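All of these numbers come straight from a predicted model, not from anything done at the bench. The figures that follow rest on heavy atoms only: side chains count, while hydrogens, waters and symmetry mates do not.
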Amino acid sequence: MKTEQIKEQVVNIEEHQYYFNRELSWLEFNYRVLQEALSERTLLLERLKFTAIFSSNLDEFFMVRVAALKRQVEAEVTKLTPDGRTPLQQIQDINKRLRPLVKQQVENFENNLKQELTDHKVYLINFVDLNQEQRKYLNNYFDTNIFPVLTPLAVDPSHPFPHMSNLSLNLAVLVKNPDSGAELFARVKVPKTLPRFVTFPPELCQVSNLDDDPLWVGVPLEQVIAHHLETLFPGMDVQECHNFRLTRDADLGVQEDEADDLLLAIKQELRKRHFAGSAVRLEIHPTMPENIKQMLMQGLGLEEMDIYEIDGLLGLNDLFAFMGLPLPQLKDVPWNGIVPPPFDQFQTLEMARANESDDNVSDEFFAMIRKSDLLVHHPYHSFSATVQQFITQAAHDPDVMAIKMTLYRTSGDSPIIKALIDAAENGKQVVALVELKARFDEENNIIWARKLEKAGVHVVYGIVGLKTHTKIVLVVRKEKDKIRRYVHIGTGNYNPKTAKLYTDVGLISCREDLGADLTDLFNFLTGYSKQQSFRKLLVAPVTMRDRMIEMIEREAEHCRNNGTGRIVAKMNSLVDVQIIRALYRASQAGVKIDLIIRGICSLRPGVEGVSENIKVISIVGRFLEHSRIFYFQNNGQEEIYIGSADWMSRNLSRRVEAVTPIEDPDLMKQLQEILGIMLADNRQSWELQSDGTYIRREAKEGEKELNTHEVLMNMALNSSTMI
C-alpha cells in the first residue's frame with residue numbers, strides 16, 4: 001500500500017485543527033487590503049482609496065457577519081464551526097484581531113497620508129487652525145447650507161433615546177441650562193446629503209504655514225457643525241461635544257415561505273434596514289467621557305466589546321472623495337478595455353445602425369459567434385464592445401425572437417437595461433430574472449425591475465429559498481429553416497461599471513448543448529421543473545457539488561494508479577467543508593493543488609499528512625479578482641471550467657449557479673495562461689501559511705517582478721486596440 005493511502009486512513013481530516021475560521025480568514029483578506037494602503041509602492045491617492053476600501057469592507061462585515069454572530073449569541077446557539085468555535089468565541093477573536101488593524105489604519109492616515117497630501121498641496125485641516133477669513137466663510141456656509149438641514153434631538157424623560165440610522169455620523173452634545181444649571185444631552189446627525197469635507201474657494205485657500213499656492217484646502221463637515229452648536233441650542237451653554245458613528249444589523253430577514261409578495265416583503269425590510277436593525281458597533285473618539293459613552297451604550301443596547309475607539313477621523317470610507325483631485329501622477333493610469341479580436345471588426349456597429357447603412361451587421365455579428373466560441377476577459381477586454389454589444393445586437397436584430405437573462409447586480413443607468421427595454425418594444429419575448437435579495441442592491445434592483453415590467457419585459461423574481469446568482473444570457477434567433485440559440489455564460493455581473501474594476505471571464509457560444517442546457521435552466525428558474533441533469537453545465541444546487549467532488553477524487557485516483565494529478569482552482573472564497581475534505585484526500589494521494597483565492601479560505605495548506613501538496617495564494621491589487629476558473633489535469637485529458645460559483649456552502653446549496661466547461665483548445669490555453677501568470681505573480685500575491693498568516697511574495701534578487709494585472713493589461717494592449 002502506498003504511503004499516501006496509509007495517511008488517508010490514519011489522519012482524521014474532520015478535526016477542528018485542519019480548518020481556518022471563516023470570519024477570521026476574511027479579516028486576513030481585509031488585512032491584505034490594508035497593506036496596499038500602507039505600502040509606499042502604492043501611489044498616494046491609491047493608498048487613500050485602499051484605506052477607504054478597508055473601512056467600507058468593515059462596515060459590511062459588521063452589518064452582516066458580526067450581526068449574524070450576535071443574533072446567534074442572543075439565541076444561545078452553541079453549535080461549533082468546523083474550526084471549533086462558538087459564536088461568542090468568534091466575536092471575541094474578531095475583536096482581538098481587528099482592533100490593532102483599525103489602529104494601524106487610523107495612525108497611517110493621520111500620521112502619514114495626511115502629511116504626504118500636504119507635499120502635493122492638499123490640506124485637510126482642523127477648524128481650530130483656520131484664519132479669520134476662512135471662519136467667516138464657514139459661518140456663512142453653515143447658515144446657508146448646513147443649519148437648515150440639521151435637527152438636534154434632545155434626550156430626557158420627555159424625549160426618548162432617538163432612533164439613529166445605520167452608518168450615521170453623529171455629535172453627542174452636552175449643554176447646560178443657565179437658569180437651572182441642569183446638564184442636558186442631545187444628538188446631532190451629520191447630514192449625508194452634504195459633502196463630508198467642506199472645500200474652500202481658491203481665494204481662501206491661503207492658511208498660515210501652508211504652501212503659497214495650495215491645490216485644495218478643506219475641513220471635515222462635523223467640525224464645522226461642532227463649532228456652530230450655539231446656533232442650534234440658543235440660550236444654552238454648550239459644554240462639550242463628541243463624534244460617534246453607529247453600525248447596525250443590515251441583513252434582510254425576509255421569510256420567503258410566509259411572503260405572498262416577495263417584492264413587497266423586500267420593500268418593507270428595506271425601510272427597516274436603516275433604523276430597525278440592532279446596533280452592532282459604536283465608533284467613538286478616545287476622549288469621549290465615560291458617562292456619555294455609557295449613555296450611548298445603554299440607549300443602543302451595546303456592550304464594551306462593541307465599542308471601537310478611533311483616535312482620528314471617523315468614517316474613513318469617505319476618503320473616496322479625494323480620488324477626484326486633479327493629481328493624475330498620484331493615481332493609476334486610467335485603463336479602458338481593448339476591443340479583442342474578432343470583435344474589433346464591429347467597432348462601428350452602433351454608427352452603422354444609427355445611419356442604417358449596413359443591414360448585414362447583425363448577420364455578420366452572429367456569424368462571428370457561429371465560427372467559434374469566444375472568450376472575453378474583463379476589464380482587459382471592453383465590456384461594452386463584447387458582452388454589452390452581444391445583448392444590444394440581439395435587442396435590435398429582427399431575426400432574434402427571444403432574450404432571456406439573469407440580473408443579479410447592474411447599474412441604474414445600465415445600457416443592458418435599455419437594451420432589454422428596446423428588445424421588448426421591438427416585439428421580442430424578453431425574460432429578466434431579477435434577484436431581489438442581492439445584498440445592498442435590493443433597492444436598486446426593485447427600481448429597474450419595475451422599469452422593465454412597465455416596458456413589457458417578463459420579470460421573474462427567482463425561486464423561493466434560493467438566491468439566483470448565475471450569470472447567463474440566452475438569445476433565440478431564427479435563421480433560415482431552423483432556430484439557433486446563442487449564449488453568454490460568465491463569472492461576473494452584467495454591470496458596465498464594475499466590469500471596469502472586477503476581473504471576470506465569460507464564454508460566448510452557439511453550441512447546441514449549451515443552448516439546450518440554458519433553455520432547461522431558465523425553465524427551472526421561471527416555471528415548474530425538477531431538472532436533475534444537464535448536458536454540459538454544472539448547476540447548483542442540483543449537480544455542481546457532486547460533480548466537483550467527483551473531479552477532485554478522479555485526480556486522486558489517477559495518483560493512486562501511479563499516474564499524476566493536478567488541480568488549479570481560482571475563486572473568491574473556499575469554505576465548503578465537503579470540498580475541503582475532498583481536496584485534503586486528493587493531497588494525501590499526491591495530487592498537486594494550487595488554489596488562487598482572493599478572500600476567505602478555510603482550508604489549511606501545508607500540513608504534513610493532510611495538505612502538504614496544497615498551496616494557496618491571494619492576489620490583491622488594482623482590480624478586484626472575481627473570476628472563477630477550475631482546471632483538472634485528468635491524466636492528460638484536461639478539463640477547464642468557468643462560472644459564477646465559489647466553493648462555498650451557500651453557492652453550492654442555497655444558490656442557483658452555473659459553471660460551463662470550456663472545450664475549445666485555444667480558449668483552454670488562454671485560461672491556463674491566465675492561471676499560470678497568477679501563480680507566477682511576485683508583486684501582488686500573498687501565500688497562505690499553515691498557521692493562517694499570509695506572506696507577501698517578493699521578487700528575489702535578479703528576478704523579474706511579475707504583477708498579474710500589469711502583465712494582463714500589456715498582453716491585452718498587444719492583441720488589439722483600446723476603446
Query raised in the report: If you measure from CG on Leu45 to CE on Met323, what distance do you get to the nearest 0.5 Å?
Result: 5.5 Å
Requested in this report: Determine whether the side chains of Ser55 and Gln105 contain a donor N or O and an acceptor N or O closer than 3.5 Å.
Outcome: yes
Report task. Output yes when a side-chain donor or acceptor of Gln684 lies under 3.5 Å from a complementary backbone atom of His709, and no otherwise. Result -> yes
Query raised in the report: Taking 4.0 angstrom as the limit, do Glu36 and Arg622 come out as a salt bridge?
Result: no
Query raised in the report: Below 6.0 angstrom between ring centroids: does that apply to Phe29 and Phe61?
Result: no
Query raised in the report: Has Gln298 got more than 12 heavy atoms of other residues, nucleotides or ligands less than 6.0 Å from its CD?
Result: no
Requested in this report: Begin with the C-alpha distance, continue with both residues' side-chain angles, and end with the deciding distance and a verdict on side-chain contact (heavy atoms from CB on, under 4.5 Å) for Arg71 and Asp249.
Outcome: CA-CA 9 Å; Arg71 290 197 302 270; Asp249 179 348; 2.4 Å; yes
Query - Within 6.0 Å of CD in Glu290, more than 12 heavy atoms from elsewhere - result: yes
Requested in this report: Return yes when atom NZ of Lys192 has more than 12 non-hydrogen atoms of other residues, nucleotides or ligands closer than 6.0 Å, and no otherwise.
Outcome: yes
Query - Within-4.5 Å side-chain heavy-atom neighbours: Ile597 and Asn572 - result: no
**Report entry** Under the salt bridge (Lys or Arg N to Asp or Glu O under 4.0 Å) test, residues paired with Glu230 that sit two or more places apart
**Finding:** none
Report task. State which residue, out of Asp311, Ile310, Leu316, fulfils the side-chain contact (heavy atoms from CB on, under 4.5 Å) condition with Val102. Result -> Ile310
Query raised in the report: Salt bridge check: are Glu28 and Arg32 linked by an N-O gap of less than 4.0 Å?
Result: no
Report task. Over all heavy atoms of both residues, which pair between Ile225 and Phe142 is shortest? Give the atoms and the distance, please. Result -> CA-CE1, 4.1 Å
Query raised in the report: Does the pair Lys49/Glu46 count as a salt bridge with the N-to-O cut at 4.0 Å?
Result: yes
Requested in this report: Please confirm whether the backbone N or O of Phe20 pairs with a side-chain atom of Ser602, one donor and one acceptor, at under 3.5 Å?
Outcome: yes
Query raised in the report: Can you tell me if Lys189 and Ser165 form a side-chain donor-acceptor pair at under 3.5 Å?
Result: yes
Query - Lys79 side, atom NZ; Thr81 side, atom OG1 - distance, nearest 0.5 Å - result: 10.0 Å
Query raised in the report: Is any side-chain N of the basic residue among Asp318 and Arg196 closer than 4.0 Å to the acidic one's carboxylate O?
Result: yes
Report task. Compare all side-chain heavy atoms of Asn30 with those of Leu101 and state whether any distance is below 4.5 angstrom. Result -> no
Query raised in the report: Are Glu304 and Lys293 close enough that some pair of their side-chain heavy atoms sits under 4.5 Å apart?
Result: yes
Requested in this report: Under the side-chain contact (heavy atoms from CB on, under 4.5 Å) rule, what do Ile91 and Met305 come out as? Steps first, then yes or no, please.
Outcome: CA-CA 9 Å; Ile91 293 176; Met305 67 177 179; 3.9 Å; yes
**Report entry** Distance-only donor-acceptor check, side chains Asp576 and Ser649, under 3.5 Å
**Finding:** yes
**Report entry** Closest contact, heavy atoms only, Ile125 versus Val219
**Finding:** O-CG2, 3.4 Å
Query raised in the report: For His242 and Thr287, which heavy atoms make the closest approach, and how far apart are they?
Result: CE1-O, 3.7 Å
Query raised in the report: Given Phe109 and Lys114, is the side-chain contact (heavy atoms from CB on, under 4.5 Å) satisfied, shown in steps?
Result: CA-CA 6 Å; Phe109 173 70; Lys114 282 176 67 175; 3.5 Å; yes
Query raised in the report: Can you name the closest pair of heavy atoms from Glu133 and Leu204 and give their distance?
Result: CB-CD2, 3.9 Å
Query raised in the report: Are Phe322 and Phe197 close enough that their ring centers fall under 6.0 Å?
Result: yes
**Report entry** Minimal non-hydrogen separation, Arg248 against Val280, with atom names
**Finding:** C-CG2, 3.9 Å
Report summary line: One should read off an interatomic distance between Asn112 CG and Leu38 CG, to the nearest 0.5 angstrom, of 8.5 Å
Report task. For the pair His228 and Phe127, name the ring-plane relationship: parallel under 30°, tilted 30 to 60°, perpendicular over 60°. Result -> perpendicular
Query raised in the report: Is Asn126 reaching over with its side chain to a backbone N or O of Asp129, donor-acceptor style, under 3.5 angstrom?
Result: no
Query raised in the report: Is the number of heavy atoms from other residues, nucleotides or ligands within 6.0 Å of CD (Glu203) greater than 12?
Result: yes
Query - Lys103, NZ: over 12 other non-hydrogen atoms inside 6.0 angstrom - result: no
Query raised in the report: Taking the side chain from Arg598 and the backbone from Glu625, do they hold a donor-acceptor pair closer than 3.5 Å?
Result: yes
Query raised in the report: Does some side-chain heavy atom of Glu110 sit less than 4.5 Å from a side-chain heavy atom of Leu313?
Result: yes
**Report entry** Pair Asn21, Arg85: side-chain N/O donor-acceptor within cut-off below 3.5 Å
**Finding:** no
Requested in this report: Would you name the heavy atoms of Leu282 and Leu296 that are closest together and state the gap between them?
Outcome: CD2-CB, 3.9 Å
Report task. Output all residues satisfying salt bridge (Lys or Arg N to Asp or Glu O under 4.0 Å) with Arg22, sequence neighbours left out; order by chain, then residue number. Result -> none
Requested in this report: For the pair Arg47 and Glu116, find out whether any cationic side-chain nitrogen is under 4.0 Å from an anionic carboxylate oxygen.
Outcome: yes
Query raised in the report: Is there a side-chain contact between Asn57 and Val33 (heavy atoms, below 4.5 Å)?
Result: yes
Query raised in the report: Does Lys70 pair with Asp306 as a salt bridge, N-O distance under 4.0 Å?
Result: yes
Query raised in the report: When you measure from the side chain of Gln89 to the backbone N and O of Thr86, does any donor-acceptor pair fall under 3.5 Å?
Result: yes
Query raised in the report: So, does Asn317 use its side chain to make a donor-acceptor pair with the main chain of Ile53 at under 3.5 Å?
Result: no
**Report entry** Residues Leu58, Ser56; criterion side-chain contact (heavy atoms from CB on, under 4.5 Å); working and verdict
**Finding:** CA-CA 5 Å; Leu58 278 185; Ser56 181; over 6 Å; no
Query raised in the report: In Å, rounded to the nearest 0.5 Å, how long is the span from CG of Asn177 to CG of Leu184?
Result: 6.5 Å
Query raised in the report: Quick one: do the Asp83 and Tyr18 side chains pair a donor with an acceptor below 3.5 Å?
Result: no
Requested in this report: Give a yes or no answer on whether the side chain of Arg604 reaches the backbone of Ser690 with a donor-acceptor pair at less than 3.5 Å.
Outcome: yes
Query raised in the report: Should Val122 and Val217 count as side-chain neighbours, where that means a heavy-atom distance under 4.5 Å?
Result: no
**Report entry** Salt bridge present between Asp59 and Arg281 (N-O < 4.0 angstrom)
**Finding:** yes
Report task. Compute the ring centroids of Tyr502 and Phe623, then answer whether they are less than 6.0 Å apart. Result -> no
Report task. Flag the pair Arg245 and Glu283 as a salt bridge only when some basic side-chain nitrogen lies within less than 4.0 angstrom of an acidic carboxylate oxygen. Result -> yes
